[in-house]
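Below is one structure; the comments refer to it alone.
Throughout, a chain's letter reflects where its sequence line sits, starting with A, and its residues are numbered from 1.
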Amino acid sequence: MRVYNTLSGKKEELKTLNPHKVGIYVCGPTTYNYIHLGNARPLVVFDTVRRYLEYKGYEVNYVLNFTDVDDKIINRARQEGQEAIELAAHYIDEYFQDADALNIKRAQVHPRVSQHIPEIIEAVEGLIDKGFAYETEGDVYFRVKAFKDYGKLSGRSLDEMLAGARVEIDERKEEAVDFALWKAAKEGEPFWESPWGQGRPGWHIECSVMSIKYLGETFDIHGGGSDLIFPHHENEIAQAEALSGKTFVNYWMHNGFITVNNEKMSKSLGNFFILRDILEKYSADVVRFYLIATHYRSPLDFDDGKLEEARKALGRLQNTLLLADEYTRGYIEESQEVEGKGLLFLNSVIELENKFVQAMDDDFNTAKAIGFLFEMSHNINAFLAEVDRDSVSERNAVLRAMKVFSSLGDILGIFMEKTKNEEEMAEKILEIFAGVRQLARKEKEFQLADEIREFLNDLEVTIEDTANGSRFRYSGNIELPILVEKLIELRSRFKKEKKKNYDRADFLRDTLQAGGIILEDTREGVRWKLADA
RNA sequence: GGGCGGGUGGCGAAGAGGCUAACGCUGUGGUCUGCAAAAUCACCAUUCACCGGUUCGAAUCCGGUCCCGCCCUCCA
C-alpha cells in the first residue's frame, strides 16, 4: 500500500521496519481546554489509519501523547488559581471522555511530558555533549546551524530562514532560529530540578524523547496536523537525529485543516466548535463520517449543514444494515450453498470490497472508499427488494454480503451507533400511551383505555387517572422494544377497524416520530427505528 | 516576500494521460403505497478557473495568468 510522505512530497510504498508490525506516533492535544472539532480530525483520521492497518494484518503499536507542560497551561492555571499539572490532568480526563464518545480506540501508550522529565533532561545533556545545544542563563537552546538537514521536512533552507529572520531576536541566543530545549523557571512557574537549575522542557523535545522511548530511535509513521510541520516536527527531527545519528521517522503524515467560512478553525481565532457540543446533536458515527468523507489531506469546511448532510448520507448506509437484518433475522447459515442469482449478487459485493481495499491502499482514500460502500449498499438494497425469501442460496448470499458490508463500515468506525438514549425514549413513549389513553377515554372507549392500563401494569408501570390527566409511576428499566411493538399493534388495529381509523393511526405515527421513532409500513409489516441515525 | 497545497455540476466530493467525469446531498419523473416514509427505476457537468503548449489522445503532463487556503509566531 502507498502512503503520502510529507518528507518526500509524494506517495511512497509503505515498507515497515518489521514486516507485520507498524509503530505510529501521533501528536495529541495540549490539555488546557476541551477539544474542539479541529482537534478531532487527526484523532479520527489516525484512528482510521490504525484500524485499516489492523485490518490489513499489522500489529499496530500506537502512541498518542499529551503535552501537559506548556505556557498555555500555566497561564490558564494561573487564571483559575489552580496548579498547572492538576489542570492538565483534569483536561486529560475530559479528553478521554470525548475520545471514547467518538469511538477512538485507546493507544497502547498515552505518555505525558510531566512523567518523562528525567528522560528529557538526559536527552538535552546528550545534545549539549554532542555540540548540538548550549546553555545560557539557565536556558538551553538547540544550535540549529549544527544540524545540516534542518528544514528538510518543511522544505525551507536554513540560509533563507537566517536571512528572513521574522523571529524576534533574543540576545542570549546564538541565532534567531535556535529554539529552546529547556526553559529556566520564572517566579511562580512549575519547575523541575536540572543540571541548569530549576526549569521545564521546551515545547518540541518531549515528542522526540517520548516517541523514541516507546517506538525506538527509528520508527514507521509520525502523524499530526499540518500546522505542526513547522516548527514542531522539523524541530523533532533535528533533536532526534542529532542525538541518535539515525533517521528518526520513515513516513510523515499530516492532515489538513477544518475551516469555517474558509478560515482555519483555531483556538486563537475563536471560531471553534467544542466536540462535546456537537456530539449532543449528532452521533459519533455521523461526526466520524463527516470527517472522513473528505480525504484527510484536503481542507474541510464546516457548518451545520455539513453535519446534516452527513447524517442523511450515513443514514442510507445504516438503513441497509436494518433492511438486511430484517430479512435474515433469526436465520443462521446452514450450508455453504450460494448459487445462481445469489452468487452473482455476492460476487458484485466482493468486487466492490476489493475496490474499497484498493482505495484505502492508496493513501487511505476514505472518500473514494465510501463511494464504493454506497454502491454496495445500493446493490444489497436492490437484491433485497426482489429476493426469493425461500431460497437458502439467496439468504446465504445476503448473510455473507452483510458480513463484508459491516466489516468495511467498522474499519471506518461509522457503524458503532449504540442505542444509548433508550431510557429517555421509553419515557417519551409512556407519554404517548397516556395520550392515546386520554383520547380513548374522551371517546368513551373504556375497553381500550383499560387494555392500555393493564398492559402497562404488566410492565410494572402504574397509571393513576386524575382530573388533569394521567400520571405514571414505575421503577426499574423498561424495555423500549416492548413498548414500541405494543403501539404498533394498536396502530394496525386502528387501521383494520371497520371505519378505518386512519386519523388515530396517523396520530400514533406522528407522535412517535416527534418523539424520535420512525415507523415505516412495508409489505412484510411495520418497521421501526430510532430517528437519530 | 519565501515554502506547501488547491480551484471539478445547485452544493459537497473522488478522479492525476485513453472506458458513459465515481459517490453523496438537493431537485425532477415513474413503480410500490390509505396517506406518509423507506426502498426501487430513470433523469440532472459535451465539460473540469483562464490562456497557450506537448500528445493520436489532457480535468489529468509542461509554461504563463488570475483567484483561494495553510505555514514562516502558540495552534490539530
Side-chain angles (χ1 to χ4, degrees), chain A residues 6 9 11 26-30 32-33 35-46 67 70-72 75 151 153-157 160-161 163-168 177 203 223-232 234 254-259 262-269 272 289-290 293-295 297-301 303 305-306 308-317 319-320 322-323 355 359 362 365-378 380-386 495 500-503 505-506 509-510 513 518-523 526-529:
Chain A
T6 306
K11 290 181 194 170
V26 176
C27 284
T30 301
Y32 66 103
N33 207 337
I35 61 171
H36 61 71
L37 188 64
N39 300 313
R41 167 119 101 147
L43 295 177
V44 169
V45 163
F46 291 108
T67 301
D70 173 271
D71 290 352
K72 292 189 295 292
N75 291 338
L153 181 70
S154 52
R156 38 197 109 196
S157 78
E160 279 168 10
M161 296 180 59
R166 209 170 107 179
V167 187
E168 220 173 291
V177 290
W203 176 34
S226 51
D227 58 343
L228 296 179
I229 294 172
F230 190 90
H232 187 55
E234 194 69 72
H254 296 280
N255 62 274
F257 281 101
I258 295 187
T259 58
N262 288 322
E263 238 184 4
K264 179 179 165 186
M265 181 185 291
S266 74
K267 288 176 187 168
S268 42
L269 285 171
F272 58 90
F289 181 91
Y290 159 72
T294 299
H295 186 86
R297 283 190 281 118
S298 303
L300 178 55
D301 201 57
D303 60 63
K306 299 283 165 49
E308 197 51 36
E309 187 181 322
R311 210 201 90 233
K312 284 182 186 156
L314 178 60
R316 271 174 86 79
L317 296 179
N319 190 237
T320 293
L322 190 81
L323 291 174
K355 286 183 173 173
D362 185 13
N365 195 334
T366 50
K368 193 176 184 183
I370 285 173
F372 295 125
L373 220 48
F374 276 104
E375 288 185 39
M376 198 181 283
S377 157
H378 192 263
I380 293 170
N381 291 345
F383 185 73
L384 248 23
E386 53 179 49
K495 287 168 67 174
K500 292 253 179 200
N501 209 333
Y502 285 126
D503 286 351
D506 289 347
R509 186 175 60 200
D510 293 347
Q513 186 148 11
I518 293 173
L519 293 194
E520 287 165 8
D521 294 326
T522 72
R523 242 163 288 160
V526 186
R527 169 160 66 229
W528 67 277
K529 62 182 179 188

Starting from P on B/G15, measure out to NE2 on A/H295 and report it in whole angstrom.
7 Å
Measure all distances between protein nitrogen or oxygen atoms and nitrogen or oxygen atoms of nucleotides 68-70 of chain B, and list the pairs falling under 3.5 Å.
from	atom 1	to	atom 2	distance (Å)
B/C70	OP1	A/K264	N	3.2

Check the phosphate of B/A39 against A/N319, side-chain N and O only, distance under 4.0 Å to OP1 or OP2. Yes or no?
yes
Pairing annotation in dot-bracket form, given for RNA chain B with Watson-Crick or G-U pairs under 3.5 Å and | for cross-strand partners
((((((((.[[[..)..(....]]].(((((.......))))).....[[[[[..)....]]]]])))))))....
Please round to the nearest 0.5 Å and tell me the distance separating atom CG of A/D70 and atom OG1 of A/T30.
5.0 Å
Those residues at least two apart in sequence (or on a different chain) that pass side chain to side chain donor-acceptor pair (under 3.5 Å) with A/D521 are A/R491, A/K495
So, taking the atom named CG in A/L300 and the one named OG1 in A/T294, what distance separates them when rounded to the nearest 0.5 Å?
4.5 Å
Would you say A/N501 and A/D503 make side-chain contact, with heavy atoms under 4.5 Å?
yes
Note: for A/G9 and A/F289 on RNA chain B, the residue whose nearest nucleotide lies more 5' is A/G9
Heavy atoms under 4.0 Å, any strand shown: does A/I258 hit a base, just sugar-phosphate, or nothing?
base
Considering all heavy atoms, the nearest A/A367-A/A293 contact:
CB-O, 3.3 Å
Checking A/F272 now: which residues fulfil ring pair (Phe, Tyr, Trp, His ring centres under 6.0 Å) with it, not counting sequence neighbours?
A/H36
Measuring only the C1' atom in each nucleotide, how far is B/G34 from B/U28? A whole number of Å is fine.
25 Å
Determine the Euclidean distance between corresponding P atoms of B/C41 and B/U46; express it in Å to zero decimal places.
25 Å
So A/T6 and A/R297, side-chain contact (heavy atoms from CB on, under 4.5 Å) or not? Walk me through it.
CA-CA 11 Å; A/T6 306; A/R297 283 190 281 118; over 6 Å; no
Using a 4.0 Å heavy-atom cut-off, does A/H378 contact any base of the nucleic acid, only the sugar-phosphate backbone, or nothing at all?
sugar-phosphate
If you measure from the C1' atom in B/G18 to the same atom in B/G3, how many Å do you get, rounded?
36 Å
Residues in salt bridge (Lys or Arg N to Asp or Glu O under 4.0 Å) contact with A/D506, at least two apart in sequence or another chain
A/R509
Between B/G64 and B/G24, how many Å separate the two C1' atoms, rounded to a whole number?
36 Å
Output for pair (A/I370 CD1, A/L317 CG), nearest 0.5 Å, gives 8.0 Å
A/L228 CG - B/A76 P separation (whole Å)
7 Å
Does B/A76 have its OP1 or OP2 closer than 4.0 Å to a side-chain nitrogen or oxygen of A/K267?
yes
Rounded to the nearest 0.5 Å, how far apart are OG of A/S266 and CG of A/N39?
10.0 Å
Closer than 4.0 Å, any side-chain N/O of A/H232 to the OP1 or OP2 of B/A76?
no
List, with names and distances, any nitrogen or oxygen atoms from the protein found under 3.5 Å away from nitrogen or oxygen atoms belonging to nucleotides 17-23 of chain B.
from	atom 1	to	atom 2	distance (Å)
B/A22	O2'	A/E375	OE2	3.2

To the nearest angstrom, the CG-P distance between A/N255 and B/A76 comes to 11 Å
With sequence neighbours excluded, what pairs up with A/F372 under the ring pair (Phe, Tyr, Trp, His ring centres under 6.0 Å) test?
none
With 3.5 Å as the limit, what N/O pairs link the protein to nucleotides 33-37 of chain B?
from	atom 1	to	atom 2	distance (Å)
B/G34	N1	A/D506	OD1	3.2
B/G34	N2	A/D506	OD2	2.8
B/C35	O2	A/R509	NH2	2.7
B/C35	N3	A/R509	NH1	3.0
B/C35	N3	A/R509	NH2	3.3
B/C35	N4	A/D521	OD2	2.9
B/A36	N6	A/D521	O	3.3
B/A36	N1	A/D521	N	3.2
B/A36	N3	A/R509	NH1	3.0
B/A37	N1	A/D521	O	3.1

What distance, rounded to whole Å, do you find between the two C1' atoms, one in B/C11 and one in B/U26?
8 Å
Quickly work out the A/D301 CG to B/A13 C1' distance and round it to whole Å.
13 Å
base_contact_polar (B/G12 base, A/E309 side chain, donor-acceptor, <3.5 Å):
no
Give a yes/no answer on whether the side chain of A/K306 brings an N or O atom under 4.0 Å of OP1 or OP2 in B/A13.
no
NA contact type, A/G38, heavy-atom cut-off 4.0 Å: base, sugar-phosphate, or nothing?
base
Grab the CG-C1' distance between A/L384 and B/A38 for me, whole Å please.
12 Å
With sequence neighbours left out, the residues meeting salt bridge (Lys or Arg N to Asp or Glu O under 4.0 Å) with A/K355 are none
Return the nearest nucleotide to the side chain of A/R41; candidates are B/A76, B/U40, B/A14.
B/A76
Quick one: CG on A/L269 to NZ on A/K264, what's the gap to the nearest 0.5 Å?
8.0 Å
Could you work out, with side-chain contact (heavy atoms from CB on, under 4.5 Å) as the rule, every residue matching A/K306, not counting sequence neighbours?
A/Y290, A/D301, A/D303
Could you list the residues that satisfy side-chain contact (heavy atoms from CB on, under 4.5 Å) with A/E520, not counting sequence neighbours?
A/I518, A/R527, A/K529
How many whole angstroms separate atom OH of A/Y290 from atom C1' of B/C11?
14 Å
Under 4.0 Å between any heavy atoms, over every strand shown, what does A/G151 touch: base, sugar-phosphate, or nothing? Just pick one.
nothing
In whole angstroms, the gap separating P of B/G5 from NZ of A/K11 amounts to 13 Å
In whole Å, what separates the P atom of B/G10 from that of B/G6?
24 Å
Counting only side-chain nitrogens and oxygens, does A/T366 get under 4.0 Å of the OP1 or OP2 atom of B/A13?
no
Atom CG of A/N255 and atom NE2 of A/H295: how far apart are they, to the nearest 0.5 Å?
10.5 Å
Among B/U26, B/A76, B/A39, the one nearest A/T30 by side-chain distance
B/A76
Choosing from B/A76, B/A14, B/C25, which nucleotide comes nearest the side chain of A/S298?
B/A14
For A/T294, answer base if it contacts any base atom (sugar-phosphate contacts may also be present), sugar-phosphate if it contacts only those atoms, and nothing otherwise; contact means non-hydrogen atoms under 4.0 Å.
sugar-phosphate
B/C19 and B/G15: how far apart are their C1' atoms, nearest whole angstrom?
14 Å
Test of understanding: with ring pair (Phe, Tyr, Trp, His ring centres under 6.0 Å), list the residues that count as partners of A/H232, not counting sequence neighbours.
A/W203, A/H204
Once you round it to whole Å, what is the distance between C1' of B/A14 and CG of A/D362?
11 Å
